[in-house]
Amino acid sequence: MELIYLDHAATTPIRSEVMEAMLPYLTDKFGNASSIYGWGRQARKALDDARASVAEIIGADFNEIVFTSSGTESDNMAIKGAAWEYRNKGRHIITSSIEHPGVLNTMKSLEKEGYEVTYLPVNAQGLICVDDFKQALRDDTILVSIMHANNEVGTIQPIAAIGQIAHEHGIIMHTDAVQTAGALEVDVNELNVDLLSFSAHKFYGPKGVGALYIRKGIRLVPLIHGGNQERRRRAGTENTAGIVGLAAALELADKERPEFTGKMIHLRDKLIDGILKIPHTRLNGSRTQRLPNNVSVCFEFIEGESLLLNLDMQGIAGSSGSACTSGSLEPSHVLLALGLKHEIAHGSLRLTLGKDNTEAEIDYVLKALEPIVHRLREMSPLYHS
Ligand SMILES: *Cc1c(COP(=O)(O)O)cnc(C)c1O
C-alpha cells in the first residue's frame, strides 16, 4: 500500500542534506562553543556561520538572531520577554483569536499577571481586518503579536500593514512565522516586524531547534538565565548540530522555493477543487491569501476523527486541524473564530502538502476520499434527518 504524508504543517521529514550537515557536530566536532581550544573554535565557527546565513536570508543582522529550542519557546520569549521588559510603559497587548497555542496560552499566562489582552476577530475568510486592529490600539498598548500564516487554515495575514501602524504608534510588533519561514519569502524589514519566531522542523530541519529574530534596540527579559550564550538572551550550551541543521534547512528552502511553490500550488488547487466536488463540503479560509501547501475543508455530517482513521487505513496521513488540539473533543478555536458552527467544525480535515508529494498521490487521495465520506455519511443520523 502507498503511504502518503499530507501533514507537513505538523512537521516535515528531515532532509538528507540537512542530516549530513549536522552529523559532524554529533560526532567528531563535539566541542563546546565557549571553549578556547580547537574543538570549541570549531563549534563557534559553525554557530557563527549558521547565524550569519539565517540572518541574511530573513534580512536581519548577525546579532539579531537568537537560537532557541522551538517555535514555542521563541513565541514565549518574544511575548513574555517584551511584556516584562516594557511593563512600566503599559500592560496592554493585541493578538488574534486564531493564534497557535504557543502564543494564545502565553497570553493567558500574562493575563493572570495582570496584563490586558485584546483578541482580534477574523472574518469568514480567516483574515484580520486592519481597521479592527486600529480600533484596538490604546495608549498603553506595548506589544502586538499576530501570526504570519495560520497553521490550521493557512491564511496569510497582512503583517506588513499591521506592523507599519504598530510602528507609527511606537509599539513592538511580533509575528509567529513558523508556518511561513522557508515556505514564503520572509524579510523582517518588508514585514515591519521587531520580533519573528520560526522553527526548523517545519522546513525539513530537525525538531527541537528554533530561532527568534530580535530587532536591534529591542530588549527582552530572558526566560532562561545562566551563562553568557546568545549574548545573555538565552543561556545554556548551544545545540550546535541542531542550529547547523536549522541553517542548512533554511538555506535549501530559500534556494529551492521558486521550484517547489508553483508545483505545490498546482497540487493544492487540484486537491481543493477535487474535494469541493463532494457535496456539502466547504473550504476553510481564504482561497487567495493562503499558504501554497494548505488544504483545509469541512465535510458536513461527518466526524473529522472518523475520517482521519479511515484515511489512515488507506495509508493517508492527514490532520483534523492542529496537532496541538487533536485528542481533545473541543472543535478547533480557529474554525470557531471563522464563524463555523460546532457541528460543522467537527467535520474538518487539513491536508498539508510537502515538496515531495506527487500528482499521482493527489489522484489517489481524491479517489479514496469520496467513498469514505459517502460511507461515513450513510452511517450518520444527522445526514438522514
Ligand atoms: C508548529 C508551530 C508552532 C510551534 O513550533 P514548535 O517548534 O513545534 O514548538 C508555533 N506556531 C505555529 C504557527 C506553528 O505552526
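Everything numeric in this text was worked out from a predicted model, so none of it was measured. Residue numbers count from 1 along this sequence. Counting convention: from 1, in listed order, for ligands and their atoms alike.
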Ion pair check, E343 and K341, cut-off under 4.0 Å = no
Do any nitrogen or oxygen atoms of M147 lie less than 3.5 angstrom from nitrogen or oxygen atoms of ligand 1?
-> no
So which protein heavy atom does atom 4 (C) of ligand 1 come closest to, and at what separation?
-> T72 OG1, 3.5 Å
Taking N or O atoms only and a 3.5 Å limit, does N151 qualify as a polar contact for ligand 1?
-> no
For ligand 1, which part of H201 has a heavy atom less than 4.0 Å away: the side chain, the backbone, both, or neither?
-> side chain
Is R138 salt-bridged to E116, cutoff N-O under 4.0 Å?
-> yes
Ion pair present between E359 and K270, side-chain N to carboxylate O less than 4.0 angstrom?
-> yes
Of all the non-hydrogen atoms in the protein, which one sits nearest to atom 14 (C) of ligand 1, and at what distance?
-> K202 NZ, 3.1 Å
Derivation of the salt bridge (Lys or Arg N to Asp or Glu O under 4.0 Å) call for R87 and E113 = CA-CA 11 Å; R87 65 189 177 282; E113 293 177 26; over 6 Å; no
Can you pull out the closest protein heavy atom to atom 6 (P) of ligand 1? Residue, atom name and distance to 0.1 Å, please.
-> G71 N, 3.5 Å
Of the choices I98, D176, T175, which has the non-hydrogen atom that lies closest to atom 11 (N) of ligand 1?
-> D176
Name the closest protein heavy atom to atom 7 (O) of ligand 1, giving the residue it belongs to and the distance to 0.1 Å.
-> S199 OG, 2.6 Å
Electrostatic pair D273:R287 at N-O distance under 4.0 angstrom = yes
Going through the distances and angles, do R44 and E238 end up as a salt bridge (Lys or Arg N to Asp or Glu O under 4.0 Å)?
-> CA-CA 9 Å; R44 172 60 54 200; E238 300 87 345; 3.6 Å; yes
